[in-house]
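Atom set for the values below is all heavy atoms of this structure, side chains included, hydrogens, waters and symmetry mates excluded. Values in this document were obtained by computation on a predicted structure and should not be read as measured data.
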Amino acid sequence: MPERFEVEPRASILLFKMSELAASFFPFAKFDYSEALWRISIRHEGAPAWFAVKCDLDHPVIRALGARLVRYPTRAARIVGSEARWSVDAAGEKLELRVSDQEAAEPPPLRRIFVPGGYEIPWNETPPTRARSARITLGDDALLRATLGDDAKLDATGIVHRGRVHMCGFARRA
């Protein structure tokens, strides 16, 4: 972890399904895939930010592009998800969680995101058409511990987004 970051004692996993991802340089190809982005909370220049520890992707083309262009530390995974349940299998380990008790909520503010090697990922999004606060119940947590360490814990609550438009650019030196 670069010295210019102040690490906060909080981790996050962003689980999502992407539909019809298209790149401006390759607009005729569209990809559907699932992703689990493992992040730790940091402060950069006094503001909250994320540091990506691992990016699990279930599509080989997206995984290769993510590693090369976005510079994510990618890992092959099998990801199955819905608004009620998620399962991530990677590196011989598994994460299983259930999502319930959803109530209207505001999406969290955007944060800058950094990756190993001294890069920042340009990140933007169109707010979701619906955001819900949800209770998270953890089942198998072997992948959580393998990715973030034996003492890693997930928050008991999270945010479920529906209709969020994600815009991620090519990595640039931070």
* Between Arg63 and Thr74, is any side-chain donor less than 3.5 angstrom from a side-chain acceptor? -> no
If I compare all heavy atoms of [X] with all of [Y], which pair ends up nearest, and what's the gap?
X	Y	value
Arg111	Trp50	CD-NE1, 3.2 Å
Phe5	Ile42	CD2-CD1, 3.5 Å
Leu143	Leu95	CB-N, 3.7 Å
Thr147	Lys54	CG2-CB, 3.9 Å
Phe114	Ala49	CE1-CB, 3.9 Å
Ala134	Val99	CB-CG1, 3.4 Å

* Between the side chain of Lys17 and the main-chain N/O of Gly81, is any donor-acceptor distance below 3.5 Å? -> yes
* Whether Arg98 side chain and Arg135 backbone form a donor-acceptor pair below 3.5 Å -> no
Would you say [Y] ends up clustered with [X] if hydrophobic residues are merged whenever their side chains have heavy atoms under 4.5 Å apart, either directly or through other cluster members?
X	Y	answer
Val80	Leu14	no
Val70	Phe16	yes
Ile159	Leu138	no

* Hey, what do you get for CD1 (Ile40) to OG (Ser12), rounding to the nearest 0.5 Å? -> 11.0 Å
* Asked: Just how far is it from atom CH2 of Trp86 to atom CG of Leu97, taken to the nearest 0.5 Å?
  -> 9.0 Å
Salt-bridge contact [X]-[Y] (side-chain N to carboxylate O under 4.0 Å):
X	Y	result
Arg145	Glu93	no
Arg78	Asp58	no
Arg10	Asp155	yes
Arg132	Glu103	no

* Kindly indicate, with the supporting measurements, whether the criterion side-chain contact (heavy atoms from CB on, under 4.5 Å) is fulfilled by Val88 and Leu15. => CA-CA 9 Å; Val88 182; Leu15 298 160; 3.8 Å; yes
* Asked: Can a cation-pi geometry be assigned to Arg172 and Tyr119, taking NZ or CZ under 6.0 Å from the six-membered ring centre and within 45° of the ring axis?
  -> no
* Asked: Should Met18 and Phe31 count as side-chain neighbours, where that means a heavy-atom distance under 4.5 Å?
  -> no
* Can you find a pair of side-chain heavy atoms, one from Glu35 and one from Tyr72, that are under 4.5 Å apart? -> yes
* For side-chain contact (heavy atoms from CB on, under 4.5 Å), just list the numbers for Trp38 and Leu148, CA-CA rounded to whole Å, side-chain angles, deciding distance to a tenth of an Å, and then say yes or no. => CA-CA 8 Å; Trp38 302 82; Leu148 299 176; 3.8 Å; yes
* Asked: Just wondering, more than 12 heavy atoms not from Asn124 lying within 6.0 Å of its CG?
  -> yes
* More than 12 heavy atoms of other groups within 6.0 Å of Arg43 CZ -> yes
* To do: Begin with the C-alpha distance, continue with both residues' side-chain angles, and end with the deciding distance and a verdict on salt bridge (charged side-chain N to carboxylate O under 4.0 Å, His left out) for Asp56 and Arg75.
  => CA-CA 5 Å; Asp56 293 332; Arg75 176 171 60 190; 2.5 Å; yes
* Do Glu120 and Ile113 pass the side-chain contact (heavy atoms from CB on, under 4.5 Å) test, and can you show the C-alpha distance, the side-chain angles, and the key distance before you say yes or no? -> CA-CA 6 Å; Glu120 181 176 0; Ile113 186 162; 5.7 Å; no
* To do: For the pair Glu96 and Arg85, evaluate salt bridge (charged side-chain N to carboxylate O under 4.0 Å, His left out) and give the outcome as yes or no after the intermediate values.
  => CA-CA 8 Å; Glu96 292 181 332; Arg85 180 180 298 264; 5.9 Å; no
* To do: For side-chain contact (heavy atoms from CB on, under 4.5 Å), just list the numbers for Leu37 and Arg39, CA-CA rounded to whole Å, side-chain angles, deciding distance to a tenth of an Å, and then say yes or no.
  => CA-CA 6 Å; Leu37 180 59; Arg39 317 174 291 188; 3.8 Å; yes
